[in-house]
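Below you'll find the structure, written out as structure tokens, and then a few comments.
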There are 2 protein chains.
Amino acid sequence: MTTQGTGTATEGAGGAEAVSRFVERFAAQLVEAGMQRMPARIFAALLASDSGALTSAELGAQLQVSPAAVSGAVRYLTQVNMVTREREPGSRRDRFVVHGNQWYEALTNRDAVLKRWEVALREGVAGLGEDSPAGQRLAETLAFFEFIEGEVASMMERWRVHRAEHFE
Amino acid sequence: MTTQGTGTATEGAGGAEAVSRFVERFAAQLVEAGMQRMPARIFAALLASDSGALTSAELGAQLQVSPAAVSGAVRYLTQVNMVTREREPGSRRDRFVVHGNQWYEALTNRDAVLKRWEVALREGVAGLGEDSPAGQRLAETLAFFEFIEGEVASMMERWRVHRAEHFE
DNA sequence: CAGTGATTTCACAAACTTGTGAAGTTAAGG
DNA sequence: CCTTAACTTCACAAGTTTGTGAAATCACTG
């Protein structure tokens with residue numbers, strides 16, 4: 001219950017102007033990196049909101065899109081755990097929330113992606129023979145991803161420490 | 001000049017069958033992760049070739065696509081440094097090569113991506129005010145990416161060691 | 001348990017992407 | 001300097017994605 005009252009989600013200071021600029025630019029980068037446009041915009045809008053939480057209607061109004069579009073995008077975001085859906089008690093509308101660290105962890109959990117790459121590579125090694133030159137290349141690539149996967153975990157551990165020191 | 005002679009790029013053992021299965025599956029994962037289909041397929045095909053190098057014609061034949069498609073995809077792959085273009089002296093066709101470690105480093109150089117995210121975030125912090133709650137959220141996110149960026153470098157350093165021990 | 005506001009689903013239209021064939025460009029080799 | 005193989009570019013057609021409006025569903029509140 002940090003900022004309640006006004007109902008608008010943007011700051012008095014910088015203004016909706018600045019929010020919109022950030023949202024579109026940051027979303028554009030996420031899109032470039034492979035994310036769908038609408039989830040990217042919605043996520044950026046949440047990041048740039050003071051409370052870190054917006055309702056479906058607010059999102060639709062701010063981004064000029066239909067409720068349907070919000071619905072679909074938000075489903076994706078919750079599935080990949082970048083955003084949480086919360087029902088405000090006493091109201092019948094949902095709020096969507098970026099929960100601090102939650103989403104770094106989600107980003108990190110792109111090691112679900114890594115895992116699938118590894119499966120494909122393992123099958124490849126088996127199919128091509130681990131003694132063939134191609135098989136060996138695949139095996140080395142596989143080893144690389146396995147290595148990365150291990151490293152990511154300890155990296156996140158270090159981040160948590162770093163974060164605690166600087167932000168809490 | 002490792003494997004010369006036959007002209008075919010697939011192994012005798014596993015067979016073109018196994019290569020194709022790997023190529024399509026691995027490419028599908030890359031696509032899922034945001035890569036365009038054709039570059040993904042071509043890259044996978046190179047990975048799964050014994051010599052790690054194929055000509056434009058070989059790629060076209062193996063993947064059943066036009067020279068135009070190969071041309072475009074290969075331009076992308078060379079731009080992001082996952083593949084090198086080499087002209088075989090004495091011939092007039094180019095070979096495209098996956099150079100061992102080169103492409104891990106390229107994957108890693110997705111920190112070009114990180115850098116662009118950071119730019120967008122810095123602009124956001126400035127625009128929204130670094131004292132506003134939203135500005136602080138963006139600042140923390142920025143700090144996260146800066147942290148990651150630093151970690152990636154040392155992680156790759158450790159990988160090189162690990163690799164040297166196990167594969168050379 | 002009816003009324004109402006919020007959210008979701010679905011069929012479809014617009015916009016964008018992707019790969020093709022054909023013409024154009026480059027440069028090796030006679 | 002002409003021939004020819006290899007590669008690239010371009011306009012376009014097929015296919016896919018994306019967001020919409022309208023209808024349906026859901027679940028609070030009275």
Side-chain angles (χ1 to χ4, degrees), chain A residues 7-9 20 23-24 27-46 53-80 82-97, chain B residues 7-9 20 23-24 27-46 53-80 82-97:
Chain A
T8 71
S20 174
V23 167
E24 298 309 329
Q29 295 304 327
L30 295 177
V31 168
E32 176 114 344
M35 194 171 183
Q36 294 136 304
R37 179 176 272 86
M38 195 56 64
R41 295 180 72 208
I42 288 191
F43 182 71
L46 285 170
L54 295 171
T55 65
S56 199
E58 289 167 333
L59 286 166
Q62 185 180 331
L63 302 178
Q64 297 281 38
V65 292
S66 71
V70 174
S71 174
V74 129
R75 172 167 48 182
Y76 170 81
L77 289 170
T78 53
Q79 270 172 4
V80 302
M82 291 173 69
V83 156
T84 307
R85 155 182 259 128
E86 291 178 5
R87 169 63 54 102
E88 330 202 33
S91 164
R92 57 183 67 168
R93 38 188 170 37
D94 289 343
R95 293 157 29 107
F96 300 98
V97 188
Chain B
T8 72
S20 174
V23 167
E24 297 309 329
Q29 295 303 328
L30 294 176
V31 168
E32 176 114 345
M35 194 172 183
Q36 294 135 303
R37 187 185 319 300
M38 195 55 64
R41 296 180 72 209
I42 287 192
F43 181 71
L46 286 170
L54 295 171
T55 65
S56 199
E58 288 168 334
L59 286 166
Q62 184 178 332
L63 303 178
Q64 299 281 38
V65 293
S66 70
V70 175
S71 174
V74 129
R75 173 168 48 180
Y76 170 81
L77 289 170
T78 52
Q79 267 170 6
V80 301
M82 292 174 69
V83 156
T84 307
R85 157 182 256 128
E86 292 177 5
R87 170 62 55 102
E88 330 202 30
S91 165
R92 59 181 67 167
R93 38 190 169 36
D94 289 342
R95 293 157 30 109
F96 300 98
V97 189

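Every heavy atom of this structure was used, including side-chain atoms; hydrogens, water molecules and symmetry mates were not. Proteins get letters first, then strands, A, B, ... in listed order; numbering begins at 1 in each.
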For the pair made of CG in Leu59(A) and C1' in dG19(D), what is the distance, rounded to whole Å?
15 Å
Considering all heavy atoms of both residues, which atom of Glu58(B) and which atom of Ala53(B) are nearest to each other, and what is their separation?
OE1-O, 4.5 Å
Taking any heavy-atom pair under 4.0 Å as a contact, classify Ser91(A): base, sugar-phosphate, or nothing.
sugar-phosphate
Let me spell it out: for each of Arg41(A) and Asp94(B), pick the nucleotide of DNA chain D with the closest heavy atom. Which residue's pick is nearer the 5' end?
Asp94(B)
At a 4.0 Å cut-off to heavy atoms of chain A, the contacted part of DNA chain C spans dG3(C) to dT9(C)
Taking only residues two or more places apart in sequence, or in another chain, which ones meet Glu32(B) in a side chain to side chain contact (heavy atoms under 4.5 Å, CB included)?
Arg116(A)
How do Pro39(B) and Arg75(A) order along DNA chain C: which one's closest nucleotide is nearer the 5' end?
Arg75(A)
How many Å lie between CD on Gln79(B) and P on dT8(D), as a whole number?
12 Å
Nucleic acid contacts - residues 64-74 of chain A versus DNA chain D, non-hydrogen atoms under 4.0 Å
Gln64(A), Val65(A), Ser66(A), Ala68(A), Ala69(A)
Could you tell me the separation between the CD atom of Gln62(A) and the CZ atom of Arg41(A), rounded to the nearest 0.5 Å?
9.0 Å
Rounded to whole angstroms, how far apart are CD on Glu88(A) and C1' on dA27(D)?
16 Å
Leu54(A) and Ala45(A): which non-hydrogen atoms are nearest, and at how many Å?
CD1-O, 3.9 Å
Just call it for Arg93(B): base, sugar-phosphate, or nothing, with non-hydrogen atoms closer than 4.0 Å on any strand.
sugar-phosphate
Can you find a side chain N or O atom of Arg85(B) that sits less than 4.0 Å from OP1 or OP2 on dA6(D)?
no
Closest to the side chain of Arg92(A), out of dA6(D), dC7(D), dT29(D), is dT29(D)
Counting N and O atoms only, with roles assigned by atom type, does the side chain of Thr78(A) sit under 3.5 Å from a partner on the main chain of Val74(A), one being a donor and the other an acceptor?
yes
